[in-house]
Asks: 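Structure in structure tokens, see below.
The chains referred to below are lettered A, B, ... by the order of the sequence lines, with proteins before strands, and numbering in each begins at 1. Just so you know, these numbers use all the heavy atoms, side chains as well, and skip hydrogens, waters and symmetry mates.
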Amino acid sequence: MSIRTRFAPSPTGYLHIGGVRTALFNWLLARGQGGQFILRIDDTDDSRNRAEAVKPIIDGFKWLGMTWDEGPADDAGGDSFGPHKPYFQGQRNGKYEAAAMKLMAEGKAYPDYTTPEQQDAARKQAELARKPYVHRGSNRDVSPEENLQQYQARKVPILLKVIPGQKVTFTDHVRGRIDVSTDTIRDPALLRAPDAKGICRALYSFATVVDEADFGITHVVRAEEHLTNTPTQILIFQALGATPPEFGHVPLIYRNGKKISKRDLPPLSPEEIGKLKACGWTEEEIKGRDDLNLATVAYYRELGYLPEALINYLIRLGWSLDGEQEIIPLDVAIKKFSLDRVTKAPGNFDMQKLFWVQGEYMKLLSTEEKLERCIPFLTKAKLIGDVLDAKTRAILTTIVDASGDRIKLFSDILAYAAPILKDDIEYDPKAREKAFKDANAKSLLAEFAEALKAAEPFDAATIDKVMHQFVADRGLKLNAIQLPTRVAVTGVGVGFGLSDTLAILGKERVLNRVAAALKL
RNA sequence: GGCCCGUUCGUCUAGUGGUCAGGACGCCUGGUUCUCAACCAGGCAAUAGGGGUUCGACUCCCCUACGGGUCACCA
């Protein structure tokens, strides 16, 4: 039997970075063994605008290139594809109800008429007695027939009858053997009491188990927070007469030693906001995107990260190939991934290392590939129009080429292209001051402009020669002229090679800009 | 608090009784260099603590500490 894994997010409106890693492990496992990877939407709770909340998740998976073999349709319209559809739990409640009723008929489940007040009281009492509270409901020992009858008359939550005094044992593929006593497992709620529409919706654990069995999931790989309710779910599998799947609980992702969650994440820093604005984002657009923070996939996409870099980083966070390799091509990861090399301890999300991985993947791209993916950022920032003419394209190609490894994120293109593409220069005050601090700087720059005037052809190689000759004649270092010239023609103190910069600008603009700078 | 899980450089990790405890990010120093980036060479830096077991423990066992998860008609 081929393996079937799954990822089952609840539609929150964004794709969480931790979720992606869990999904990735499932995906690698399935792809590595010729199995299937299934996407299921766990929307048993509130049915808030589903389609809209699902879309960011679908989009995220598509961007990352993580394909699913069964699950929601990729237009995020609420349809599903695959032999067990639908793959939205919100659309599968009939199955859960039927399964619960069957369990009740078999005497394995029962309606619980305990009131919340009674439960609270019992809980409090147990607390006072310093004993754990393990909930067992009212009708545990009532006959199935009687229970069915009472339930028809008045619907309340349905609970699974847990048999005390037994052990539940399973071998977790990352954490090893786990066993717990059923004495510590409460009778879990399977179905809720009817909601306003009279529908008794399933609870997470029950819907999950019913679906896992129905879909034929063989390996459940999920976050560690689900470890403790695994025994409960195994009990449900057994009650259903189904074989439990294999389990693997992967550690959580932390940030600064704490679980990375949207709630306690800092809002976008001024720097990040500045970067987005430079990318052409308006204040309103930024405010309207509450899915933009470092815990979401969208954040990395919008900043110009490479999906393969994010994936590589995430794979290495909590898993290793051999302790040596950091850059692991996807095909290698697919071939080599295994749960037994997943770490047990939680890992901290390290933005700096992600950034480094990103840089490594950028080095692999050709100038053409880089340019293609930079273009959307240039368009958004309105540095170029919607259609790219051949001349601008040629200039951009030269810029990307000259920039080399300096473009770490695709959005970085803006910093290198803007000074060249824009007609009016914005002088960075600090760079300007530094460049012209020396009293002779301006007169030297004027002399250099004269030398440049004679450069023919005005290409990088010639300019380079002129530049070196110019400083050599005067017994100076290149630095004497480098910064003043750079600031004069670009307004900023950093950039790619000066001769490239001058050549791309062309003689006329260079001379004009120098002349303008001299008047400052 | 009960139950469960975890703990190797600042961070990600290798390691399964005998290693100078390895690699990577970051950081620092030097080199190269027209700025920046890149590149090259080097450096700093870890087995949470305490008991056992053993000729020998990072590795096995126990305790402590710390961190985390979970205890819902959330997922």
Asks: If I take atom CG in residue A:L190 and atom P in nucleotide B:C74, what distance separates them, rounded to the nearest angstrom?
Replies: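 Rounded to the whole Å, the gap is 13 Å.
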Asks: Say you pick atom P in B:G2 and the same atom in B:G15; how far apart are they, in whole Å?
Replies: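 Their P atoms lie roughly 34 Å apart.
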Asks: Across all strands shown, which nucleotide pairs with B:A21 by Watson-Crick or G-U wobble geometry, both distances under 3.5 Å?
Replies: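 Across all strands, not a single nucleotide pairs with B:A21.
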Asks: For A:K370 and A:G404, indicate whether the former's side chain and the latter's backbone hold a donor-acceptor pair under 3.5 Å.
Replies: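 A pair under 3.5 Å: yes.
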Asks: Check whether any side-chain N or O of A:R186 sits under 4.0 Å from OP1 or OP2 of B:G2, and answer yes or no.
Replies: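 No, no such contact exists.
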Asks: What is the pairing partner of B:A38, taking Watson-Crick or G-U wobble pairs with both distances under 3.5 Å in any strand?
Replies: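 When the pairing criteria are applied, nothing turns out to pair with B:A38, so the answer is none.
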Asks: Please check if the side chain of A:R341 supplies one atom and the backbone of A:S320 the other of a donor-acceptor pair under 3.5 Å.
Replies: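 Yes: the side chain of A:R341 pairs with the backbone of A:S320.
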Asks: Using the C1' atom as the reference point in each nucleotide, state the distance between B:C58 and B:U16 in Å, no decimals.
Replies: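 Here B:C58 and B:U16 have their C1' atoms 10 Å from each other.
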Asks: Looking only at side-chain N and O atoms, does A:K363 come under 4.0 Å of OP1 or OP2 in B:C39?
Replies: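 So the side-chain polar atoms of A:K363 do come within 4.0 Å of the phosphate oxygens OP1 or OP2 of B:C39, strictly under.
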Asks: Under 4.0 Å from OP1 or OP2 of B:U13: is there any side-chain N or O of A:K353 that close?
Replies: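 No, outside the criterion.
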Asks: When the ring planes of A:H249 and A:F170 are compared, do they come out parallel, tilted or perpendicular, using 30° and 60° as the limits?
Replies: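 Judged by the thresholds at 30° and 60°, the geometry between A:H249 and A:F170 is perpendicular.
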Asks: Quick check: any donor-acceptor pair below 3.5 Å linking the side-chain of A:E326 to the base of B:G23?
Replies: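 For A:E326, whose side chain was compared with the base of B:G23, there is a donor-acceptor pair (under 3.5 Å).
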Asks: Using purine N1 to pyrimidine N3 plus N6-O4 or O6-N4 for Watson-Crick, or N1-O2 and O6-N3 for G-U wobble, both under 3.5 Å, which nucleotide pairs with B:U47?
Replies: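 Result: none.
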Asks: Does A:T44 put a side-chain nitrogen or oxygen below 4.0 Å from OP1 or OP2 of B:A75?
Replies: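 The answer is yes; a side-chain N or O of A:T44 sits under 4.0 Å from OP1 or OP2.
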Asks: In terms of side-chain geometry, is the basic nitrogen of A:R92 or A:D211 positioned less than 4.0 Å from the acidic oxygen of its partner?
Replies: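 Yes, this pair counts.
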Asks: Looking at B:A75, which nucleotide sits across from it as a Watson-Crick or G-U wobble partner, both distances under 3.5 angstrom, or is there none?
Replies: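 For B:A75, the partner nucleotide comes out as none, under the 3.5 Å rule.
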Asks: With under 30° as parallel and over 60° as perpendicular, where do the rings of A:F496 and A:Y416 fit, or are they tilted in between?
Replies: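 Rings of A:F496 and A:Y416: tilted, as their planes differ by 30° to 60°.
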Asks: When both hydrogen-bonding distances must be under 3.5 Å and the geometry is Watson-Crick or G-U wobble, what is B:G6 paired with, if anything?
Replies: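 Across all strands, the one nucleotide that pairs with B:G6 is B:C66.
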Asks: Reckon A:R175 has a side-chain N or O less than 4.0 Å from the OP1 or OP2 of B:G68?
Replies: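 A:R175 to B:G68 OP1/OP2: no side-chain N or O under 4.0 Å.
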Asks: Could you check which nucleotide pairs with B:A14 in any of the strands shown, counting Watson-Crick or G-U wobble with both distances under 3.5 Å?
Replies: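 WC or wobble partner does not exist here.
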Asks: What N/O pairs connect the protein and nucleotides 57-61 of chain B at under 3.5 Å? Give each pair on its own line.
Replies:
none

Asks: Using Watson-Crick or G-U wobble geometry with both distances below 3.5 Å, tell me the partner of B:U59, or none.
Replies: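 Partner of B:U59: none.
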Asks: Tell me the partner of B:U53, counting only Watson-Crick (N1-N3 plus N6-O4 or O6-N4) or G-U wobble (N1-O2 and O6-N3) with both under 3.5 Å; none if nothing fits.
Replies: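 With both distances under 3.5 Å required, B:U53 matches none.
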Asks: Taking the nucleotide of RNA chain B with the closest heavy atom to each, which residue, A:L354 or A:T343, is nearer the 5' end?
Replies: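 That would be A:T343.
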Asks: Please check the phosphate of B:U70 (OP1 and OP2 only) for any side-chain N or O of A:N229 closer than 4.0 Å.
Replies: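 For B:U70, OP1/OP2 do not have a side-chain N/O of A:N229 under 4.0 Å.
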Asks: Can you tell me if A:S320 touches the phosphate of B:A14, counting only side-chain N or O atoms and a distance under 4.0 Å to OP1 or OP2?
Replies: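 Yes, because at least one side-chain N or O of A:S320 sits under 4.0 Å from OP1 or OP2 of B:A14.
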Asks: Taking the six-membered ring of A:Y313, is NZ or CZ of A:K353 closer than 6.0 Å to its centre and within 45° of its axis?
Replies: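 Pair A:K353/A:Y313 does not count as cation-pi.
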Asks: When the ring planes of A:F448 and A:F470 are compared, do they come out parallel, tilted or perpendicular, using 30° and 60° as the limits?
Replies: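 Correct class here is tilted.
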